[in-house]
Undergrad: 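I have a structure I would like to understand better, so I am pasting it below and will then ask my questions one at a time.
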Amino acid sequence: MAHTAVISNNKGGVSKTELTVQLAAALARAGQRILVVDMDPQANATRRLGVEWDANEPIPTMSEVIKADQSGSGEGAVVACGWTSPDGTPTAEAENIDVLPARFDLINRETEAGVIGAVRRLQKALDGWTDDYDIILIDTRPDLGHLVQMSMAAADTIIIPTDPNYDSVEAAIRVNDFVTRHAIDIANPTLTVGGIVVTRRKATIEHDYQIEGLRDQFGDLVWNLGGLVKMSDGSELLNPPYIPEWSRFAEADAAAVSLSDWSDRNGRKTVALYDAVARTYLARFLGTKGMAA
């Protein structure tokens, strides 16, 4: 069965969608089959994975999938990742990534929160057809409302990205507290937080202080990505322990491409760092160790 992880934080601007998309790419490079479910009405993960909604040729999205309230309803909305090579063929990463896309009208499903069984609609939509995937990553909006709770009800674990600023750290703690207190209320009593991924880190005293507080609060749940990495060309790179605020991440987000689209040194650095995120994911959740750089 596929391992399902929700990427969640109660605050926006913490690189939640970046983590979803670039972790999917890194896991795809490791040979994993990935399904990305976009449960955010902003639909940023959908766009960044190369999927565009065309009003002249509309496709079903998560709004229709959730509204259907039927077992297996998500299967009919799956589309391939749209990343392509210069010759127009899918990239090697895209071959291993499928998408359940979103658009802005997904917000309409929020109004159905009071309907009996509504919190299980995503779980129901994924039933019966996702066994061909190794991992399902669910991108969520920056709150703890109905769409996020629906995502948590369908998940095995929560991964919380957070930048090392006070408000973001407090929001990460709120997510953890919500899972601890309410997992049983969303019919998923075994749900746990499986990782805290520090993003947008700068070399400042304040960021160091907040990271220390995160480690005090969460211990080994804070993923340390640091270490020496040997690349396929024989060169070596030293990964930082946390994801810095490098401009290349914003460039990849804007261009809606994988970090591997760049072959320069900055490109190799960002790819190596997200490969470390993927290695940590595989080791913690799938018991798989080792991944070629």
Side-chain angles (χ1 to χ4, degrees), residues 2-7 14-38 44-45 48-50 80-85 90-99 133-139 157 159-161 194-201 222-233 235-246 248-253 255-293:
H3 181 271
T4 302
V6 167
I7 315 300
V14 297
S15 300
K16 177 176 52 60
T17 302
E18 174 198 302
L19 179 65
T20 305
V21 170
Q22 298 303 337
L23 174 57
L27 290 166
R29 290 192 292 273
Q32 304 293 306
R33 286 280 296 145
I34 312 300
L35 175 66
V36 175
V37 182
D38 193 347
N44 291 330
R48 293 181 194 180
L49 286 162
C81 175
W83 292 340
T84 57
S85 302
T91 65
E93 293 165 4
E95 293 280 6
N96 277 346
I97 302 173
D98 285 338
V99 185
Y133 297 100
D134 300 300
I135 295 164
I136 300 172
L137 300 177
I138 305 176
D139 190 32
T157 193
I159 298 174
I160 305 174
I196 310 294
V197 180
V198 177
T199 62
R200 307 186 68 177
R201 192 255 174 147
V222 180
W223 290 6
N224 187 327
L225 310 173
L228 192 65
V229 180
K230 184 176 287 294
M231 308 301 290
S232 57
D233 62 1
S235 64
E236 292 183 335
L237 289 173
L238 182 63
N239 276 342
Y242 311 110
I243 298 176
E245 191 167 26
W246 287 339
R248 182 55 52 82
F249 296 131
E251 292 166 3
D253 290 346
V257 296
S258 169
L259 292 165
S260 64
D261 268 32
W262 286 273
S263 59
D264 60 1
R265 182 169 177 79
N266 285 339
R268 294 195 300 273
K269 285 169 59 179
T270 57
V271 167
L273 189 53
Y274 264 95
D275 283 349
V277 180
R279 279 194 297 273
T280 304
Y281 186 107
L282 293 171
R284 290 194 176 223
F285 305 135
L286 276 68
T288 305
K289 294 183 179 181
M291 192 172 80

Undergrad: Applying side chain to side chain donor-acceptor pair (under 3.5 Å), can you list everything that pairs with Gln32, at least two apart in sequence or on another chain?
TA: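 Per chain and number, Gln32 pairs via side chain to side chain donor-acceptor pair (under 3.5 Å) with no residue.
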Undergrad: Can you give me the closest heavy-atom contact between Ala80 and Asp98, atom names plus distance?
TA: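 Closest approach of Ala80 to Asp98: CA-OD1, 3.7 Å.
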Undergrad: Checking Phe249 now: which residues fulfil ring-ring contact (aromatic ring centres under 6.0 Å, His included) with it, not counting sequence neighbours?
TA: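 Trp246, Tyr274.
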Undergrad: Salt bridge check: are Asp264 and Arg248 linked by an N-O gap of less than 4.0 Å?
TA: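 Salt bridge present between Asp264 and Arg248.
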Undergrad: Looking at CZ of Phe285 and CD1 of Ile159, how far apart are the two atoms once the value is rounded to the nearest 0.5 Å?
TA: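 Going from CZ on Phe285 over to CD1 on Ile159, the span is 4.5 Å.
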Undergrad: Going by heavy atoms in the side chains, are Trp83 and Asp261 under 4.5 Å from each other?
TA: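 Trp83 does not reach Asp261 side chain to side chain.
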Undergrad: Identify the heavy atoms of Asn239 and Ala276 that sit nearest to each other, and give their distance.
TA: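 So the two residues come closest at ND2-CB, 3.6 Å.
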Undergrad: When rounded to the nearest 0.5 angstrom, what is the spacing between CD1 in Ile135 and CZ in Arg33?
TA: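 The distance works out to 11.5 Å.
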Undergrad: Could you report the tightest heavy-atom contact between Gln22 and Ser258, atom names first, then the distance?
TA: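 Minimum heavy-atom contact is OE1-CA, 3.8 Å.
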Undergrad: Can you tell me how far apart OG (Ser260) and CZ (Arg29) are? Round to the nearest 0.5 Å.
TA: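 Between atom OG of Ser260 and atom CZ of Arg29 there are 5.5 Å.
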Undergrad: Rounded to the nearest 0.5 Å, how far does CG of Asp139 lie from CG of Asn44?
TA: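 Output value for this atom pair is 8.0 Å.
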Undergrad: Roughly how far apart are Leu27 CG and Asp275 CG, rounded to 0.5 Å?
TA: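 Rounded to the nearest 0.5 Å, the CG-CG separation comes out at 9.0 Å.
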Undergrad: Looking only at non-hydrogen atoms, find the nearest pair between Arg284 and Gly194 and report the distance.
TA: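 Answer, listing the atom of Arg284 first, then Gly194: NH1-O, 4.0 Å.
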Undergrad: Output yes when a side-chain donor or acceptor of Arg48 lies under 3.5 Å from a complementary backbone atom of Val257, and no otherwise.
TA: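 Judged by distance alone, no pair lies under 3.5 Å.
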Undergrad: Is there a side-chain contact between Thr20 and Pro161, using heavy atoms and a 4.5 Å cut-off?
TA: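 Of all side-chain heavy-atom pairs linking Pro161 with Thr20, none is under 4.5 Å.
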Undergrad: Please report the interatomic distance OG1(Thr157) to CD1(Ile7), rounded to the nearest 0.5 Å.
TA: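 The distance works out to 9.0 Å.
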Undergrad: Looking only at heavy atoms, what is the nearest atom pair of Ala272 and Arg279, with distance?
TA: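 Shortest heavy-atom contact: O-NH2, 4.4 Å.
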Undergrad: Quick check: closest heavy atoms across Leu23 and Val277, and the distance to 0.1 Å?
TA: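 Closest pair (atom of Leu23, atom of Val277, distance): CD1-CG1, 3.8 Å.
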Undergrad: Verify the distance criterion only: is there a donor paired with an acceptor across the side chains of Thr199 and Glu18 at less than 3.5 Å?
TA: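 The criterion, which ignores hydrogens and geometry beyond distance, is not satisfied for Glu18 and Thr199.
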